[in-house]
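Notes for the one structure printed next.
Heavy-atom basis, side chains included; hydrogens, waters and symmetry copies ignored.
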Amino acid sequence: MKRFHVHVAVPELSESIRFYSTLFGVEPAVRKDDYAKWMLDDPRVNFAISQRGNTTGVNHLGFQVESDAELEAVHEHLIAAGRGVTAEKGVSCCYARSDKYWVTDPAGVAWETFHSLGTVPVYGSDTVPQACGTQGACCAPTEAAADKSSCCA
């Protein structure tokens, strides 16, 4: 079953954690010095915020899936959309190791579809090379990178 994913870059983490914890009625499931994540069941959302010096606001949207088979099924939909898909396998990002596919929609919004494989002790984007077209969102592709069939693999 898919879980909708929203990642927002915030200017001040502790103030944003207080706001979203009040809004959602629960504390974050993951809390780090530069990142927080709520795994909500109603609605079924993986909502993350980070303070990493990026432009504030919605950083990217996406879907978290529960299996490799589900990830590959969504990958087929991304390919059919004809926007160019960026593949990342076994990447460390946002304190997790994941397999991912990225696509940029016609309005320029980055969409991440991913299957989490485990946790890691670091945020991860500091180790991703700029050649992959990062925008600071754990290798969120720019439109140029999205035209490639794979990146950061």
Query raised in the report: Can you tell me how far CG of Leu13 sits from NZ of Lys32, rounded to the nearest 0.5 angstrom?
Result: 12.5 Å
Query raised in the report: Just checking, any donor-acceptor pair under 3.5 angstrom between side chains of Thr113 and His75?
Result: no
Requested in this report: Please name the pair of heavy atoms, one in Ala9 and one in Asn59, separated by the smallest distance, quoted to 0.1 Å.
Outcome: N-CB, 4.3 Å
**Report entry** Separation between OH of Tyr101 and CD of Glu76, rounded to the nearest 0.5 Å
**Finding:** 8.5 Å
Query raised in the report: Hey, mind stepping through Glu112 and Gln64 against side chain to side chain contact (heavy atoms under 4.5 Å, CB included) and telling me if it holds?
Result: CA-CA 8 Å; Glu112 171 190 34; Gln64 180 176 7; over 6 Å; no
Query raised in the report: Considering all heavy atoms of both residues, which atom of Leu78 and which atom of Val103 are nearest to each other, and what is their separation?
Result: CD2-CG1, 3.6 Å
**Report entry** Which atom of Ile49 lies closest to which atom of His7, heavy atoms considered
**Finding:** C-NE2, 4.3 Å
Query raised in the report: Under a 4.5 Å side-chain heavy-atom rule over Ile, Leu, Val, Met, Phe, Trp and Tyr, are Leu61 and Met39 clustered together?
Result: no
Query raised in the report: Looking at Phe47, Phe114, Trp111, Phe63, which hits ring-ring contact (aromatic ring centres under 6.0 Å, His included) with His5?
Result: Phe114
Query raised in the report: For Ile17 and Arg31, which heavy atoms make the closest approach, and how far apart are they?
Result: CD1-NE, 3.5 Å
Requested in this report: Specify the closest pair of heavy atoms between Trp38 and Pro28, including all atoms of both residues, with the distance to one decimal.
Outcome: NE1-N, 3.2 Å
Query raised in the report: With a 4.0 Å cut-off, would you call Arg44 and Glu66 a salt bridge?
Result: yes
**Report entry** Check: Glu88/Thr86 side-chain N/O donor and acceptor closer than 3.5 Å
**Finding:** no
Requested in this report: Determine whether Asn46 and Lys37 make a side-chain contact, defined as any pair of heavy atoms from C-beta on separated by less than 4.5 Å.
Outcome: yes
Report task. Would you indicate whether the side-chain heavy atoms of His115 and Glu70 approach each other to under 4.5 Å? Result -> no
Query raised in the report: Is the shortest heavy-atom distance from the side chain of Pro11 to the side chain of Gln51 under 4.5 Å?
Result: no
Requested in this report: Just jot down the side-chain hydrogen bond (donor to acceptor under 3.5 Å, both in side chains) partners of Asp42, sequence neighbours excluded, or say none.
Outcome: none
Report summary line: To the nearest 0.5 Å, atom CG of Leu117 lies from atom CG of Asp99 at 4.5 Å
**Report entry** Side chain to side chain, Val85 and Trp102, heavy atoms closer than 4.5 Å
**Finding:** no
Query raised in the report: Salt bridge check: are Glu72 and Lys89 linked by an N-O gap of less than 4.0 Å?
Result: yes
Query raised in the report: In Å and rounded to the nearest 0.5 Å, what is the CG to NZ distance from Leu71 to Lys2?
Result: 10.5 Å
Query raised in the report: Would Val74 and Met1 show up in the same hydrophobic cluster when neighbours are defined by side-chain heavy atoms closer than 4.5 Å?
Result: no
Query raised in the report: Thinking salt bridges, do Arg3 and Asp41 make one under a 4.0 Å N-O criterion?
Result: yes
Query - Interatomic distance, Arg97 atom CZ to Ser116 atom OG [nearest 0.5 angstrom] - result: 10.0 Å
